[in-house]
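Quick notes on the structure that follows.
Any value given below was found using the heavy atoms of this structure, including those in side chains, with hydrogens, waters and symmetry copies removed.
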Amino acid sequence: MHIMEGFLPLAHAVGWNLAAAPFVVHGVRKLARQMKENPETKLLLGASGGFAFVLSALKLPSVTGSSSHPTGTGLGTVLFGPPTMTVLGGVVLLFQALLLAHGGLTTLGANIFSMAVVGPWVAYAAYRLARRSGASLAVSTFLAAALGDLATYVTTSIQLALAFPDPAGGFAGAAAKFMGVFALTQVPLAISEGLLTVLVMNWLAQYSRPELQQLRVLSKEV
């Protein structure tokens with residue numbers, strides 16, 4: 001999913017940075033408010049960022065110019081919401097670009113938009129819909145993590161297709177090709193990420209119950 005440095009045309013790189021910027025600004029304000037209201041949750045915030053950093057640094061071979069890996073954004077989204085996860089994801093992607101040469105600074109906006117904006121919002125929608133339908137915390141968390149992961153790769157496929165349309169099939173043809181290549185590796189990765197996130201959430205529910213209650217993640221279970 002991390003589009004590498006210099007891979008996108010300049011206009012696309014600038015456009016995705018502009019598209020991601022308002023979400024980052026809103027996320028910073030939301031994060032500051034959350035930390036002021038619930039300072040006891042700072043450790044969970046750090047753990048959520050670390051979870052995303054480790055999982056999204058696990059590169060697997062994929063299409064040229066990108067990579068496949070879990071995203072780790074579902075956990076932070078369930079705990080803190082998509083705006084805060086946008087900030088965490090942006091920090092993760094920035095450090096990976098600077099320290100690991102994974103992704104890039106010119107493609108940072110595109111990578112933030114796919115992994116830290118679209119992924120978390122899809123994860124949040126899946127989680128809220130599942131909870132309102134009566135699903136358990138485990139099932140809701142699994143759906144959030146897995147669908148948020150898949151949505152990230154659909155977005156990356158669209159970004160690549162917009163930049164490099166197929167000579168014969170245009171944008172639609174290129175998008176189908178990129179999604180086809182990603183799907184081979186991403187579907188099992190998304191399922192694995194969903195299961196791992198459920199395990200972590202169960203652990204947090206056991207050992208960090210007060211913090212999860214403050215964040216209203218366990219409000220219906222108590």
Side-chain angles (χ1 to χ4, degrees), residues 1-2 23-24 26-59 69-100 102-103 111-112 114-124 126-128 130-131 136-149 151-152 189-222:
M1 157 260 140
H2 289 53
F23 293 94
V24 174
H26 174 62
V28 169
R29 293 173 178 171
K30 180 74 173 180
L31 173 60
R33 187 162 61 249
Q34 284 180 325
M35 290 301 98
K36 183 177 181 180
E37 294 173 352
N38 300 303
E40 300 85 357
T41 61
K42 287 182 179 178
L43 285 178
L44 278 182
L45 182 72
S48 299
F51 187 72
F53 183 90
V54 171
L55 290 191
S56 61
L58 301 174
K59 290 195 293 185
H69 49 75
T71 63
T73 58
L75 179 66
T77 300
V78 171
L79 294 176
F80 295 98
T84 296
M85 195 61 235
T86 295
V87 180
L88 293 179
V91 172
V92 164
L93 290 164
L94 176 61
F95 275 105
Q96 288 176 344
L98 293 174
L99 302 178
L100 305 178
H102 190 21
N111 291 331
I112 288 176
S114 61
M115 193 182 98
V117 176
V118 175
W121 276 104
V122 170
Y124 181 74
Y127 177 78
R128 296 306 305 172
R131 293 297 277 163
S136 66
L137 177 61
V139 171
S140 302
T141 299
F142 172 82
L143 292 173
L147 295 179
D149 180 302
T152 295
L189 280 177
I191 295 173
S192 300
E193 179 175 343
L195 294 174
L196 177 61
T197 305
V198 170
L199 290 177
V200 174
M201 184 62 77
N202 288 341
W203 187 84
L204 291 176
Q206 184 175 357
Y207 294 103
S208 299
R209 178 170 291 273
E211 289 83 359
L212 265 61
Q213 289 173 329
Q214 280 188 313
L215 296 171
R216 300 180 180 179
V217 175
L218 290 180
S219 58
K220 294 182 179 180
E221 281 68 37
V222 179

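- The CD atom of E40 sits 9.5 Å away from atom NZ of K42, with the distance rounded to the nearest 0.5 Å.
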Atom pairs and distances, side-chain donor-acceptor, residues 197-205, under 3.5 Å, sequence neighbours left out:
{"residue": "T197", "atom": "OG1", "partner": "E193", "partner atom": "O", "Å": "2.7"}
{"residue": "N202", "atom": "ND2", "partner": "V198", "partner atom": "O", "Å": "3.4"}

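- Put simply, the side chain of T41 never gets that close to the backbone of L44: no donor and acceptor are under 3.5 Å apart.
- No donor-acceptor pair under 3.5 Å is formed between the side chain of T77 and the backbone N or O of P82.
- Two residues are said to be in side-chain contact when any heavy atoms from C-beta on lie closer than 4.5 Å; V118 and T152 fail this criterion.
- Checking side-chain atoms of H102 against main-chain N and O of S56 turns up a donor-acceptor pair under 3.5 Å.
- Residue L189 holds its CG atom at 11.5 Å from CG of L196, rounded to the nearest 0.5 Å.
- Contact check for T141 versus Y127: side-chain heavy atoms found under the 4.5 Å cut-off.
- Taking each heavy atom of V78 and A144 in turn, the nearest pair found is CG2-CB, 4.0 Å.
- The neighbour count for F51 CZ, taken as heavy atoms of other residues, nucleotides or ligands under 6.0 Å away, is above 12.
- Between G27 and V87 the shortest heavy-atom distance is C-CG2, 3.2 Å.
- Here the straight-line distance linking atom CG of L212 with atom CD of Q206 works out to 12.0 Å at 0.5 Å rounding.
- Within a 6.0 Å radius of CG in L99, more than 12 heavy atoms belonging to other residues, nucleotides or ligands are found.
- One N or O on the side chain of Q96 and one on the backbone of F53 form a donor-acceptor pair closer than 3.5 Å.
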Assess the residue pair Q34 and T84 against the criterion (side-chain hydrogen bond (donor to acceptor under 3.5 Å, both in side chains)); give the C-alpha distance rounded to whole Å, side-chain angles, the decisive distance to 0.1 Å, and a yes or no. CA-CA 9 Å; Q34 284 180 325; T84 296; 2.4 Å; yes
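- The distance from atom OH of Y124 to atom OG1 of T73, rounded to the nearest 0.5 Å, is 15.0 Å.
- Across every non-hydrogen atom of F142 and G194, the tightest pair is CD1-C, 3.3 Å.
- Taking both residues in full, the closest heavy atoms of H2 and L93 are given as NE2-CD2, 3.2 Å, listed atom of the first, atom of the second, then distance.
- Scanning both residues, N111 and G103, for their nearest heavy atoms gives ND2-CA, 4.0 Å.
- Closest approach of M85 to A52, counting heavy atoms only: CE-CB, 4.0 Å.
- Rounding to the nearest 0.5 Å places CG of L31 at 13.5 Å from NZ of K36.
- Between the CG atom in L45 and the CG atom in L215 there is a gap of 9.5 Å [rounded to 0.5 Å].
- Contact of the F80 side chain with the N38 side chain is not registered, since no non-hydrogen atoms from C-beta on lie closer than 4.5 Å.
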